[in-house]
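Side-chain atoms are counted along with the backbone in the values below, which use heavy atoms only and exclude waters and symmetry mates. FYI, the numbering just counts along the sequence from 1.
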Amino acid sequence: MKQGDFVYIDYVGKVKDTGEIFDLTSEDLAKKEGTHNPNARYGPIPVVVGGDFVLKGLDEALLQMNVGDKKTVEVSIEKGFGERKPELIRLIPLSVFKEQNIDPNPGSYVTINGLNGRVISGDGGRIRVDFNHPLAGKRLEYEIEIKAEIKDDSEKVMGVVTYFTNTGRDDMEVKVADKLAEIKFKDNKEIPTRVKEKVSDVIMKWAAIEKVRFVYEYGK
């Protein structure tokens, strides 16, 4: 593959040293492993090769693969989620949690000032929270397969929208003509402005699209 190619991939992500599965696309495997989430969307995911849709280590592997290839890829700490940073372990006043009606039990995950973290402990009215990514400092291993390449512009647009909004193909309509992409969500699903801007930027960067239009219809 080459940079800018749109492809569908299947994968299983594991922690290299323990074999623990932390992410996968197969619903059958999720059920087998006892990690099935009825609210999750399973199946091959669309990515742009070299477009930062996946970890750097995976992007580099995709560039060496063809459609139909399966490969086991070891992702180093540097090309995964990076090293753990001591400065991201912080003491937060208990009052901050009370203001947000959060019960900071050790082991629970919280969001403070837009940052996601895990509560480590509490002592003297202060809560110790680790804001490092849960997989920081760990070597990873992926079993990855390129299922298909996406050639059609409408399919490319739909793939980008699906990736960033978790919207199913049956829940949207996409039309492409004269380098204009028109996207309509069924039931007028509301998408945050920043997400629509991100979707538009990615579409215009990697597909033969110059304008993106989000359509909402109201009537009797």
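The side-chain hydrogen bond (donor to acceptor under 3.5 Å, both in side chains) pairs that include a residue from residues 42-64 are E60-K79, where partners are two or more places apart or lie in different chains. Listed by first then second residue, pairs satisfying side-chain hydrogen bond (donor to acceptor under 3.5 Å, both in side chains) with a partner in residues 120-134 read R84-D130, D130-N132, not counting sequence neighbours. The list of side-chain hydrogen bond (donor to acceptor under 3.5 Å, both in side chains) pairs with a residue in residues 104-113, not counting sequence neighbours, reads D103-N105, T111-N116.
Within the model, atoms CD1 of I112 and CD1 of I127 stand 10.0 Å from one another, a figure rounded to the nearest 0.5 Å. One finds the CD1 atom of I9 at 13.0 Å from the CG atom of D69 (value rounded to the nearest 0.5 Å). The distance from the NZ atom of K211 to the OG atom of S200 is 12.5 Å, given to the nearest 0.5 Å. Residue I77 holds its CD1 atom at 4.5 Å from CD of E83, rounded to the nearest 0.5 Å.
Every residue meeting the side-chain hydrogen bond (donor to acceptor under 3.5 Å, both in side chains) condition with R139, not counting sequence neighbours, appears here in chain and number order: D17, E74. Partners of Y163 by ring pair (Phe, Tyr, Trp, His ring centres under 6.0 Å), not counting sequence neighbours, listed by chain and number: F53. Judged as a salt bridge (charged side-chain N to carboxylate O under 4.0 Å, His left out), and not counting sequence neighbours, the contacts of E149 are K151. Y11 pairs by the ring pair (Phe, Tyr, Trp, His ring centres under 6.0 Å) definition with Y142, not counting sequence neighbours. For F6, the ring pair (Phe, Tyr, Trp, His ring centres under 6.0 Å) test picks out no residue, with sequence neighbours left out. Every residue meeting the side chain to side chain contact (heavy atoms under 4.5 Å, CB included) condition with P44, not counting sequence neighbours, appears here in chain and number order: Y8, D10, K147. Residues passing the side chain to side chain contact (heavy atoms under 4.5 Å, CB included) test with P192 are R194, V195, sequence neighbours excluded. Residues that satisfy the side chain to side chain contact (heavy atoms under 4.5 Å, CB included) test with L63, not counting sequence neighbours, are V49.
By the rule that hydrophobic residues join a cluster once side-chain heavy atoms approach within less than 4.5 Å of another member, V67 and M65 end up as members of one cluster.
Although no hydrogens or angles enter the test, the distance criterion places a donor-acceptor pair under 3.5 Å between the side chain of K186 and the main chain of D170. T162 contributes no side-chain N or O that, together with a main-chain N or O of G168, makes up a donor-acceptor pair within less than 3.5 Å. Counting only distance, with no hydrogens or angles, the side chain of R118 and the backbone of F131 share no donor-acceptor pair below 3.5 Å. The main-chain N or O of A207 is never found under 3.5 Å from a side-chain atom of D153 such that the two would form a donor-acceptor pair.
In this structure, D5 pairs ionically with K2, as a charged nitrogen and a carboxylate oxygen lie closer than 4.0 Å. Between K14 and E143 there is a salt bridge, since at least one side-chain N of the basic residue sits less than 4.0 Å from a carboxylate O of the acidic one. In this structure, R169 pairs ionically with E155, as a charged nitrogen and a carboxylate oxygen lie closer than 4.0 Å.
Taking both residues in full, the closest heavy atoms of T167 and T165 are given as OG1-OG1, 2.7 Å, listed atom of the first, atom of the second, then distance. Closest of all the heavy-atom pairs between A30 and L24 is CB-CD1, 3.6 Å. Between V157 and A181, the shortest heavy-atom distance links the atoms CG2-CB, 4.0 Å.
Between V7 and P46 the shortest side-chain heavy-atom distance does not fall below 4.5 Å. With contacts defined as side-chain heavy-atom distances shorter than 4.5 Å, the pair K184/F214 does not qualify. I146 places a side-chain heavy atom less than 4.5 Å from the side chain of M1. Looking at heavy atoms from C-beta onward, M172 lies in side-chain contact with V161 at the 4.5 angstrom threshold. With contacts defined as side-chain heavy-atom distances shorter than 4.5 Å, the pair I209/L180 does not qualify.
Using a 3.5 Å distance cut-off with no hydrogens or angles, the side chains of S154 and K175 do not pair a donor with an acceptor.
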Side-chain polar contacts of residues 89-100 - donor-acceptor pairs under 3.5 angstrom, sequence neighbours left out - could you list them?
from : atom 1 : to  : atom 2 : distance (Å)
R90  : NE     : E87 : O      : 3.3

